[in-house]
Amino acid sequence: MLGVLGLGAVGIVAGSRVSNGLSSLLGPVEQRDPTGLLSLIPLGDTFRYYSVTGAVRTEPAQTYRLPVSGLVEAPHTYSYADLQALPRTAFVQTFQCVTGWQVPEVHWAGVRLAELIERAQPSKQARAVRFRSFDGTYTESLTLDEARADDVLVALEMLGAPVTHDHGGPVRMYVGSNYGYKSTKWLSGIELTDHQIPGYWEPRGYAIDGRLPA
Ligand SMILES: Nc1nc2c(c(=O)[nH]1)N[C@H]1C(S)=C(S)[C@@H](COP(=O)(O)O)O[C@H]1N2
Ligand SMILES: [Mo]
């Protein structure tokens, strides 16, 4: 098992939610789990840092920008400070990866996606929301109805602190009530579309409907 994981480009980083600094101890490791094999290692209630790409550039909060565009009447680009100035929503909820691992009672805080959608004034044809990542590869989507749920957050905080780079900071999605793959890390754009566009994982076998079983 560990031998298999040691092969090739598959790097392992497991972060404890108590000290989430393991990756900084290990240095800049490529964090990948394309096979989902990491989930077979009994690490307990810890996050596995996932990235489908290699090293992702670090984006300082000061220069971070989040455009909300597409089928909207009022496109707008938010700075980090703009997002901080919007109504803050905080809650505690489990993070659940489709490969089986989960982290209970994660503290999340940020701006409800619903808030940004209302400010953008969706046009009549808008039916879905697409998320982009500044890793340059990852995309995900939700229906407009799913996107408006109360537990869908443009997250500035995770685990009670600003979202770390490894977890997709400075700003990531947290799509509550959905599998983790819907929660795009290193969020770089939100676009309203007339239909749901399959993201990174859908052609690789994950359902476009990522909702957790009730
Ligand atoms: N940009 C990007 N976002 C991503 C992923 C990824 O590889 N790249 N992996 C997804 C998956 S499958 C999971 S389970 C979570 C993992 O979040 P974490 O790395 O903070 O544990 O991020 C999701 N968002
Ligand atoms: Mo996942």
Side-chain angles (χ1 to χ4, degrees), residues 9-24 26 28-41 43-59 64 66 93-110 113 129-142 152-191 197-213:
V10 184
I12 305 175
V13 178
S16 140
R17 67 199 175 97
V18 181
S19 79
N20 96 55
L22 187 58
S23 84
S24 48
L26 294 173
V29 190
E30 308 294 49
Q31 293 141 24
R32 303 181 183 203
D33 183 20
T35 55
L37 283 172
L38 284 189
S39 61
L40 302 176
I41 304 177
L43 291 165
D45 292 339
T46 63
F47 276 94
R48 279 70 159 168
Y49 297 120
Y50 277 8
S51 176
V52 299
T53 60
V56 177
R57 74 178 158 85
T58 302
E59 180 68 50
Y64 179 79
L66 179 63
Q93 198 163 313
T94 301
F95 192 85
Q96 169 81 61
C97 174
V98 72
T99 62
W101 57 272
Q102 61 167 359
V103 185
E105 292 179 40
V106 180
H107 288 250
W108 302 97
L113 179 57
V129 180
R130 188 175 201 214
F131 308 95
R132 288 180 194 278
S133 170
F134 61 79
D135 71 8
T137 302
Y138 206 85
T139 63
E140 252 309 332
S141 69
L142 294 171
V152 178
L153 215 56
V154 173
L156 308 182
E157 293 168 46
M158 169 180 173
L159 300 162
V163 181
T164 61
H165 175 71
D166 285 338
H167 282 304
V171 179
R172 74 174 296 167
M173 289 304 303
Y174 173 63
V175 182
S177 313
N178 278 245
Y179 287 115
Y181 68 91
K182 287 286 169 182
S183 295
T184 302
K185 301 183 7 167
W186 306 295
L187 184 66
S188 66
I190 294 173
E191 195 186 337
I197 298 166
Y200 179 83
W201 281 114
E202 281 80 13
R204 295 171 173 82
Y206 292 2
I208 199 155
D209 179 351
R211 280 172 295 182
L212 292 163

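We count ligands from 1, going down the list as the structure has it; atoms in each ligand are counted the same way. Fair warning: this is a prediction, and the values are worked out from it, not measured in the lab. Basis for what follows: all heavy atoms, side chains included, without hydrogens, waters or symmetry-related copies.
- The distance from ligand 1 to the heavy atoms of S183 drops below 4.0 Å at these ligand atoms: 22 (O), 23 (C), 24 (N).
- Relative ring orientation between Y138 and Y200 is described as parallel, the plane-to-plane angle staying below 30° on a 0-90° scale split at 30° and 60°.
- Remark: ligand 1 and Y50 share an N or O pair separated by less than 3.5 Å (distance only, no angle test).
- Under a 3.5 Å cut-off, the side chain of K185 and the backbone N or O of Y50 do form a donor-acceptor pair.
- Distances below 4.0 Å separate heavy atoms of S133 from the following atoms of ligand 1: 1 (N).
- For ligand 1, the polar-atom distance check against R172 finds a nitrogen or oxygen pair separated by under 3.5 Å.
- In the candidate list Y206, F47, Y138, Y138 is nearest to atom 8 (N) of ligand 1, counting heavy atoms.
- Note on ring orientation: taking the six-membered ring where Trp is involved, the planes of W108 and F95 are tilted (angle from 30° to 60°).
- Below 3.5 Å of separation, one finds no N or O of M158 facing any N or O of ligand 1.
- The part of W186 lying near ligand 1 is the side chain, judged by heavy-atom distances below 4.0 Å.
- Here the protein heavy atom with the shortest distance to atom 1 (N) of ligand 1 is D135 OD2, 3.0 Å.
- Taking every heavy atom of R48 and a limit of under 4.0 angstrom, the matching atoms of ligand 1 come to 18 (P), 19 (O), 21 (O).
- Nearest non-hydrogen protein atom to atom 7 (O) of ligand 1 is V52 N, 3.0 Å.
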Checklist entry - Under the side chain to side chain contact (heavy atoms under 4.5 Å, CB included) criterion, do W201 and V98 qualify, and how do the steps go? => result CA-CA 11 Å; W201 281 114; V98 72; over 6 Å; no
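- Between the R172 side chain and the P170 main chain, no donor and acceptor come within less than 3.5 Å of each other.
- Ligand 1 has an N or O atom lying under 3.5 Å from an N or O atom of H167, backbone or side chain.
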Item to check | Residues T184, T139; criterion side chain to side chain contact (heavy atoms under 4.5 Å, CB included); working and verdict | outcome: CA-CA 7 Å; T184 302; T139 63; over 6 Å; no
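- In the candidate list K185, E140, M173, K185 is nearest to atom 18 (P) of ligand 1, counting heavy atoms.
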Item to check | Worked verdict on S183 versus E140 for side chain to side chain contact (heavy atoms under 4.5 Å, CB included) | outcome: CA-CA 8 Å; S183 295; E140 252 309 332; over 6 Å; no
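- Under a 4.0 Å criterion applied to the non-hydrogen atoms of Y49, ligand 1 contributes the atoms 19 (O).
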Item to check | Candidate pair K182 and L142, rule side chain to side chain contact (heavy atoms under 4.5 Å, CB included), full reasoning | outcome: CA-CA 8 Å; K182 287 286 169 182; L142 294 171; 4.0 Å; yes
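- Per-residue contacts place C97 under 4.0 angstrom from the following atoms of ligand 1 (heavy atoms of the residue considered): 14 (S).
- Interface of W101 with ligand 1, defined as ligand atoms under 4.0 Å from a residue heavy atom, comprises 14 (S), 21 (O).
- F95 CZ, 3.6 Å is the protein heavy atom nearest to atom 15 (C) of ligand 1.
- Aromatic ring orientation, W186 versus H165: tilted (interplanar angle from 30° to 60°).
- Within the 3.5 Å criterion, the main-chain N or O of A207 finds a donor-acceptor partner in the side chain of Y181.
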